Student: 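Before I ask anything, let me first share the structure, which is written out below as structure tokens.
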Amino acid sequence: MVHQYKNNGYNIILDVNSGAIHVVDDVVYDVVALWEKSDKSCIFEKLSDKYDKKELEEAIEEVAALEAREELFTKDEYQDYVMEFKNRPTVVKALCLHIAHDCNLACRYCFAEEGEYHGKRALMSFEVGKAALDFLIANSGSRRNLEVDFFGGEPTLNFQVVKDLVAYGREQEKIHNKNFRFTLTTNGVLLNEEIMEFANREMANVVLSIDGRKEVNDKMRPFRNGTGSYDLIVPKFQKFADSRNQTNYYVRGTFTHHNLDFSKDVLHLADLGFKQVSVEPVVAQETDDYAIRKEDVPVILEEYDKLAAEMADRHQRGEDFTFFHFMIDLEGGPCVAKRLSGCGSGTEYLAVTPWGDLYPCHQFVGKEEFCMGNVTDGVTRTDIREQFKSCNVYAKEKCRECFARFYCSGGCAANSYNFHGDIHSAYEIGCELQKKRVECAIMLKAAEAERSKER
Amino acid sequence: MKHVKTLNTKRLQNTVKKGGCCQTSCQCTVGNQTCEQSK
């Protein structure tokens, strides 16, 4: 299977099953488009009025050579292998600790009902957090690197417990030969010197929530009294990012139906000096006024193209920044087994509520039918774990023939459940956006390669 | 090759035997994840 497309002046051919990526001229591009449907004489006939004979002969020869080297039209022979891989016993690698089901903002798109948590505000106690870390150590097998994300709500509302749990983790990692990688997500409202200093010492990564331009951010991320948060958080985030040498963090925003021109928000964040940026489509119910609609998709795809072209220009001017969804590793990426077996939610990754219940991931918290157990008794609903374990690219009909499957891994189970009531389906709007992002990411690699050749 | 420039040398079929031993991922994404073995 090949996927060929044109983007920002490049003719790109992705050989899906080998991962080989070729930048080609017009003649090869046209030959490849006909290759599987026509024999060589037929290709000659169809293209002879467009290209001269010598050019066509060379192109056909090169395409045949790539096919012989299994770098074009490579067959998919991974299905049995991935099924076997998925049947292996798994260990828990990461926990998302909902350290605070409470918030000092009232973001309109928050999955926690504008931070109200359906009237059940709660802070995680040290005892519950400690039991969660003990659960992770006990269920991680021989794996050494373990990840713990402090999430919410707003984790800084319960910061003493965060600090105490990090201290407990550091003590336990020596005893059990483990290495904890702690991370923190914050809205920045309570960010101060003490928190920054602690995070710079202990947090492998921090996520700083901001949506972009002031009017966009303040419309969706207000305080409870309705005033915006932009003016308060921007200087703090700038200082925080600089104090981390512009690495190991993301400013992370959400775009909605109300700012489909989100490339301006991405560039605004870059112009504020942030080097690590992520702005992502909102996950919402179809009935929400800010939800992304089907008719928004063409506008969003164009916006991604615009952003990618601007990033290519900025790269040339030495004004690079990283956009999370355009990151792609063409040389050191993971193996086929990982690429096709999904994100790990419900098996290798679990979310923990303030009172210690276990869920497949933070997006499922609050959906009682997905409660898998608790940190004291462990996973008692092994049937839910098995459901998530069977979630892979080949289990999803829509993914089997998709060119992006090795870069997307079958999409988000929570999105699929929200839109189809089934974790084994796929959220179509998300798929369209993901495919475009993969195309843009590859184009940026092509532009990078071209420039390094020029130097 | 005169008409083709190949951007990468990694081939997925070569990871079948050596692979299957990484972090969980979320939309790092699988696309930008680095294999623990290749570090």
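By convention in this document, chain letters (A, B, ...) are assigned in the order of the sequence lines, proteins followed by strands, and residues within each chain are numbered from 1. These numbers come from a predicted model, not from an experiment. Computed from heavy atoms alone, side chains included, the values below leave out hydrogens, waters and symmetry copies.
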Student: Do B/Leu7 and A/Val23 touch side chain to side chain, with heavy atoms closer than 4.5 Å?
Tutor: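 Yes, close enough: below the 4.5 Å cut-off.
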Student: Please report the closest heavy-atom contact between A/Ala449 and B/Lys5, naming both atoms and the distance.
Tutor: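 Closest approach of A/Ala449 to B/Lys5, heavy atoms only: CB-CE, 4.1 Å.
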Student: Where on A/Asp15 is there a heavy atom nearer than 4.5 Å to chain B: the side chain, the backbone, both, or neither?
Tutor: neither
Student: Quick check on the interface: out of A/Glu331, A/Glu147, A/Lys93, who has the most heavy-atom pairs with chain B under 4.5 Å?
Tutor: A/Glu331
Student: Might you point out which heavy atoms bring A/Gly342 and B/Ser25 nearest each other, and give the distance in Å?
Tutor: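 Smallest heavy-atom distance, with atoms named: O-OG, 4.2 Å.
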Student: Please state whether the side chain, the backbone, both or neither of A/Glu58 comes within less than 4.5 Å of a heavy atom of chain B.
Tutor: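 For A/Glu58, the contact with chain B is made by backbone and side chain together.
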Student: Checking A/Glu62 now: which residues fulfil salt bridge (Lys or Arg N to Asp or Glu O under 4.0 Å) with it, not counting sequence neighbours?
Tutor: none
Student: Out of curiosity, B/Asn8 CG to A/Lys445 NZ, how far, rounded to the nearest 0.5 Å?
Tutor: 10.0 Å
Student: Examine whether an atom of A/Glu280 lies under 4.5 Å from a heavy atom of chain B, and if so say whether it belongs to the side chain, the backbone or both; otherwise answer neither.
Tutor: side chain
Student: Measure A/Val16 against the heavy atoms of chain B and call it side chain, backbone, both or neither at under 4.5 Å.
Tutor: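 Backbone only.
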Student: Does any heavy atom of chain B fall under 4.5 Å from the side chain of A/Ser278, the backbone, both, or neither of them?
Tutor: neither
Student: Against chain B, work out which of A/Gly344, A/Gly19, A/Gly411, A/Ala94 has the most heavy-atom pairs shorter than 4.5 Å and name it.
Tutor: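 Heavy-atom pairs under 4.5 Å are most numerous for A/Gly19.
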Student: Looking at side-chain heavy atoms only, is the closest gap between A/Leu66 and B/Met1 below 4.5 Å?
Tutor: yes
Student: Please classify the contact of A/Val27 with chain B as side chain, backbone, both or neither, using a heavy-atom distance under 4.5 Å.
Tutor: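 Only the side chain of A/Val27 comes within 4.5 Å of chain B.
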Student: Counting heavy-atom pairs under 4.5 Å to chain B, which of A/Thr74, A/Leu330, A/Val24, A/Asp25 comes out on top?
Tutor: A/Asp25
Student: Using heavy-atom distances under 4.5 Å, tell me whether A/Val336 contacts chain B through its side chain, its backbone, both, or neither.
Tutor: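 Both backbone and side chain of A/Val336 come within 4.5 Å of chain B.
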Student: In Å, rounded to the nearest 0.5 Å, how long is the span from SG of B/Cys22 to CZ of A/Arg339?
Tutor: 10.5 Å
Student: Between A/Glu55 and B/His3, is any pair of side-chain heavy atoms under 4.5 Å apart?
Tutor: yes
Student: Yes or no on side-chain contact (heavy atoms from CB on, under 4.5 Å) for A/Glu70 and B/Arg11, after CA distance, side-chain angles and deciding distance?
Tutor: CA-CA 9 Å; A/Glu70 295 194 323; B/Arg11 297 292 170 261; over 6 Å; no
